[in-house]
Peer 1: 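Dropping a structure here in structure tokens format, bear with me for questions.
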Number of protein chains: 2
Amino acid sequence: MQRNDMRPTEAELEILQVLWEKGPSPVRTVNDELSRKREIGYTTTLKLMQIMAEKGLLTRLKEGRGHVYSCAIQQNDTQQQMLDRLLNGVFGGSATKLVMQALGNSKTSEKELNEIKKYIENLEGGKS
Amino acid sequence: MQRNDMRPTEAELEILQVLWEKGPSPVRTVNDELSRKREIGYTTTLKLMQIMAEKGLLTRLKEGRGHVYSCAIQQNDTQQQMLDRLLNGVFGGSATKLVMQALGNSKTSEKELNEIKKYIENLEGGKS
DNA sequence: AATAATCTACGAAATACTTCGTAATTTAAA
DNA sequence: TTTAAATTACGAAGTATTTCGTAGATTATT
């Protein structure tokens, strides 16, 4: 399994997002995607991705004229890790507090709220 | 109200945590607290807190030989802001996904799960 | 008042993160 | 095969963050 203490930076996260969504892609694709949100030079994206490959956040394969990059870390693992960080760093470790705040100030639909309720009941079942 | 787009850094967050928990405190107290977790020089903490005061994250009052610092931003606001950031940055904006992940991999007690369920039902009531 | 202890102000080094220019390389097109 | 287009490698500048040393000021002790 991948090293677990990786803390992607803000910029790295943007790139991971694209790759998680679009799957393995060349720099060009990632850069195009990032450019839709903000101005960013091609070589900036390239450099970031090269560094991420060195760090082990991405892997890459030669493909035609350039490379195709893939995420080396799971989206789930990253989510969990960053969640833990927020939980301990800002919510004093209370998942309850975090969950309530997340649901309170967000436009979560009734349907989704119901799903969550079911999910909780499932958890409760598993514990008893 | 306080500016809403403040992004405390990691180190700043540590300090805010202490002040939120202990209330207004001098540098010495904050530094002692931080030192329990990791090695950090007094002047490092001092400098950080001075910068935070400049930025408007903290306020301070002369008190005896030194100063007493207080948080200028609410814990709630900060929690919400960082939650939003995580939500959009890593969970694609889906509070549901985030909540499930938070509950899934954490040792939330049955009692707490129940509280959350009630909280959700309350939300549902408010929406209909 | 002299000495010691504590705190502040200031500057600057050390580190981490982001950005991009340029030159070299590779591939495709003319 | 020459030219053009795309990609890479590399270095380095720019910015933000974290760290701390030193000198000076303030307060408490002797």
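First the proteins, then the strands, lettered A, B, ... as listed; each starts at 1.
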Peer 1: For A:Met52 and C:dC17, what is the distance between atoms CE and P respectively, to the nearest whole Å?
Peer 2: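 Whole-Å distance recorded here is 12 Å.
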Peer 1: Under 4.0 Å from any atom of DNA chain D, heavy atoms only: list the residues of residues 60-67 of chain B that qualify, in numerical order.
Peer 2: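 Those residues whose heavy atoms fall under 4.0 Å from DNA chain D, taken from residues 60-67 of chain B in numerical order, are B:Gly64, B:Arg65.
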Peer 1: D:dT8 C1' sits how many Å from A:Tyr69 OH, rounded?
Peer 2: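 That distance rounds to 8 Å.
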Peer 1: So, for B:Glu12 and B:Thr9, which heavy atoms are closest and what is the spacing to 0.1 Å?
Peer 2: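 Taking every non-hydrogen atom into account, OE1-N, 2.9 Å.
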Peer 1: For B:Glu10 and A:Arg85, run salt bridge (charged side-chain N to carboxylate O under 4.0 Å, His left out): C-alpha distance rounded to whole Å, both residues' side-chain angles, the deciding distance at 0.1 Å, then the answer.
Peer 2: CA-CA 10 Å; B:Glu10 206 77 10; A:Arg85 186 134 62 99; 3.4 Å; yes
Peer 1: Taking all atoms of both residues into account, what is the closest heavy-atom pair of A:Cys71 and A:Leu58, and its distance?
Peer 2: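 Smallest interatomic distance, heavy atoms only, reads CA-CD2, 3.8 Å.
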Peer 1: Output yes when A:Glu33 and A:Arg36 qualify as a salt bridge under the 4.0 Å nitrogen-oxygen rule, no when they do not.
Peer 2: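 Looking at A:Glu33 and A:Arg36, the cut-off is met.
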Peer 1: At their closest point, which heavy atom of A:Leu103 faces which heavy atom of A:Leu113, and how far apart are they?
Peer 2: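 That would be CD2-CD2, 4.2 Å.
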Peer 1: Let's see if you get this right: which residues in residues 33-51 of chain B place a heavy atom under 4.0 Å from DNA chain C?
Peer 2: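 DNA chain C contact set from residues 33-51 of chain B: B:Tyr42, B:Thr43, B:Leu46, B:Lys47, B:Gln50.
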Peer 1: So, taking the atom named CE in A:Met49 and the one named CD1 in A:Ile51, what distance separates them when rounded to the nearest 0.5 Å?
Peer 2: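 It is 12.0 Å, given to the nearest 0.5 Å.
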Peer 1: Do any of residues 14-28 of chain B sit with a heavy atom less than 4.0 Å from DNA chain C, and if so which?
Peer 2: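 When residues 14-28 of chain B is checked for heavy atoms under 4.0 Å from DNA chain C, the hits, listed by number, are B:Val27, B:Arg28.
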Peer 1: Give a yes or no on whether the backbone of A:Asp84 and the side-chain of A:Asn88 come within a donor-acceptor separation of less than 3.5 Å.
Peer 2: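 Such a contact is found between A:Asn88 side chain and A:Asp84 backbone.
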Peer 1: For the pair made of CD in B:Glu54 and P in D:dT17, what is the distance, rounded to whole Å?
Peer 2: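 It is 13 Å, rounded to the nearest whole Å.
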Peer 1: Give me the one residue out of A:Thr45, A:Leu48, A:Val18, A:Thr43 that meets side-chain contact (heavy atoms from CB on, under 4.5 Å) with A:Asn31.
Peer 2: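 Answer to the side-chain contact (heavy atoms from CB on, under 4.5 Å) test with A:Asn31 among A:Thr45, A:Leu48, A:Val18, A:Thr43: A:Thr45.
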Peer 1: So which heavy atom on B:Ala102 is nearest to which on A:Ala95, and how close?
Peer 2: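 Looking at all heavy atoms of both residues, the closest pair is O-CB, 4.2 Å.
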Peer 1: Do the side chains of B:Lys117 and A:Glu124 get close enough for a salt bridge, i.e. N-O under 4.0 angstrom?
Peer 2: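 Looking at A:Glu124 together with B:Lys117, the answer is yes, because their closest N to O distance falls below 4.0 Å.
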Peer 1: Rounded to whole angstroms, how far apart are CG on B:Asn31 and C1' on D:dT18?
Peer 2: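 It works out to 14 Å between those atoms.
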Peer 1: Search all heavy atoms of A:Lys97 against all heavy atoms of A:Phe91 and return the closest pair with its distance.
Peer 2: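 Shortest heavy-atom separation between A:Lys97 and A:Phe91 comes out as CG-CD2, 3.7 Å.
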Peer 1: Atom CG of B:Leu57 and atom P of D:dT17: how far apart are they, to the nearest Å?
Peer 2: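 Value for this atom pair: 11 Å.
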